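Here's the structure, in structure tokens; my notes come after.
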Protein chains: 2
Amino acid sequence: MRSVVRDKEATKAKLLEAALDEFAEHGIAGARVDRIAAKAGCNKAMIYAYFGSKEGLFDELLKIQIDRMIEAVPITPDDLPNYAGRLFDSYVERPQVLRLAAYHRLENGFDAIPKAEAEAYQHKVEAVAKAQMEGKVSAAFNASDLLDLVVHTSILAFSTPNATRELVERAVRRLIAE
Amino acid sequence: MRSVVRDKEATKAKLLEAALDEFAEHGIAGARVDRIAAKAGCNKAMIYAYFGSKEGLFDELLKIQIDRMIEAVPITPDDLPNYAGRLFDSYVERPQVLRLAAYHRLENGFDAIPKAEAEAYQHKVEAVAKAQMEGKVSAAFNASDLLDLVVHTSILAFSTPNATRELVERAVRRLIAE
DNA sequence: TAGAAGCAACTAACCAGTTGGTTGACAGGC
DNA sequence: GCCTGTCAACCAACTGGTTAGTTGCTTCTA
């Protein structure tokens, strides 16, 4: 039988949910473990029991969120404008993930990219390269450059409050025009 | 007149230089006023005498850096690929400015954009619109959308370590292709 | 010599991380 | 059904180091 009051997995989930809001709003350095514990409705010591440290909590949180996004927004190499559009929508729907990743990038650089993300990236480059060889997508850029440009375009909302999905899709359509 | 040791402006300049490195590396929340003072070779109290607070120091620093960049990289509405390329180079040459702006955006959102930046943006939109009316640049996007896309493309190095000036210029060329 | 520039030392608050102990769930003996 | 030993889950209170910001005094220069 499953306990209701004392449930390790439920407590971890509550901490991760609270941490998502806190880290997305204040960054890693600006986040406060006391606020995370209070929002999760449990004691600060639980963070150290389950995640080791503030950084440990952030790392596990980022990994989970990135895995979720990779799964939720699969690449469609023969329809890159749509892929960029779906990425854009997912950032609008869950702005915390983009902010989490941005803070992580700023504070850790490109060297600390999570393994799952690097693997997914490699897989996507190969998918784009395959589509290019099959003539399904422009070969004006090599596969990794093209993927970088498409993904970068999808985070247009990071640069301007006037970004829309439509604008992102039109931009990508021009990138891959023959 | 020829004061060397006790020079208010020189002390402010040293503090601003030290603050640039510190804020760019650690962000606003992660920056430490003690480190800034130590690096500037003066006492922490000087920060409060000349800038009021840690945030006051950051705000003045950001304003100066943005003004400098606006002046150093003027827009050329009839050669947007080159404009994006020069922006890209300036970010590579002085990576701190981009990091400063990124941290500021993450922590303050779009509402806290410095006045000088907003004015320069408006001026650039008008310059692009004029070039479009004169037929010197594609009217496929409206002026502000186009400017947003060009500027966003120029910060490609924020998304990928593989960004080059050449790639940025080629991408912008495609955005404005007829 | 007045006033501006500069600083060592201080303060009060803050914050990540720890500790020592409590509570609740449950297995198994009776 | 009830007692009880065990252990995982949990937390209030604490610790020690850190941090932004202040003050009162000294030093330099016009």
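The structure presented is a predicted model; accordingly, all values stated were derived computationally and were not measured.
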Phe23(B) and Phe58(B) aromatic ring geometry - parallel, tilted or perpendicular at 30°/60° bounds: perpendicular
Euclidean distance, atom CD1 of residue Ile47(B) to atom C1' of dA5(C) [Å, nearest integer]: 15 Å
Asp34(A) CG - dC11(D) C1' separation (whole Å): 13 Å
Toward the 5' end of DNA chain C, by each residue's nearest nucleotide, Ala45(A) or Ile28(A): Ile28(A)
Phe158(B) ring center near Phe158(A) ring center (under 6.0 Å): yes
His26(A) NE2 - dC14(C) C1' separation (whole Å): 15 Å
Touch class at under 4.0 angstrom, heavy-atom based, for Ala31(A) against every strand present: sugar-phosphate
From dG17(C), dG6(C), dT23(D), nucleotide with atom closest to Met46(B) side chain: dG6(C)
Rounded interatomic separation in angstrom, taking OH from Tyr48(A) and P from dT15(D): 17 Å
Sugar-phosphate, base or nothing in reach of Phe51(A), heavy atoms under 4.0 Å: nothing
Whole-Å distance separating the CD atom of Glu55(B) from the P atom of dA20(D): 11 Å
Base dG17(C) paired with Lys44(A) side chain (donor-acceptor, <3.5 Å): yes
Sugar-phosphate, base or nothing in reach of Ala37(A), heavy atoms under 4.0 Å: nothing
Contact under 4.0 Å: Ser53(A) side-chain N or O vs dG17(C) OP1/OP2: no
Salt-bridge contact Glu169(B)-Arg165(B) (side-chain N to carboxylate O under 4.0 Å): yes
Whole angstrom value for the distance that separates P of dG17(C) from CG of Asn43(A): 14 Å
Spacing between Lys54(B) atom NZ and dT22(D) atom P, to the nearest angstrom: 14 Å
Pairing of Lys130(B) and Glu126(B) as salt bridge, 4.0 angstrom limit: no
Pair of N/O donor and acceptor under 3.5 Å linking dA8(D) base with Lys8(A) side chain: no
Separation of atom CG in Leu15(A) from atom C1' in dC11(D), rounded to whole Å: 13 Å
Short side-chain donor-acceptor distance under 3.5 Å, Thr76(B) and Arg86(B): yes
Candidates dC10(D), dA16(C), dA20(D) - which lies nearest the side chain of Arg32(A): dA16(C)
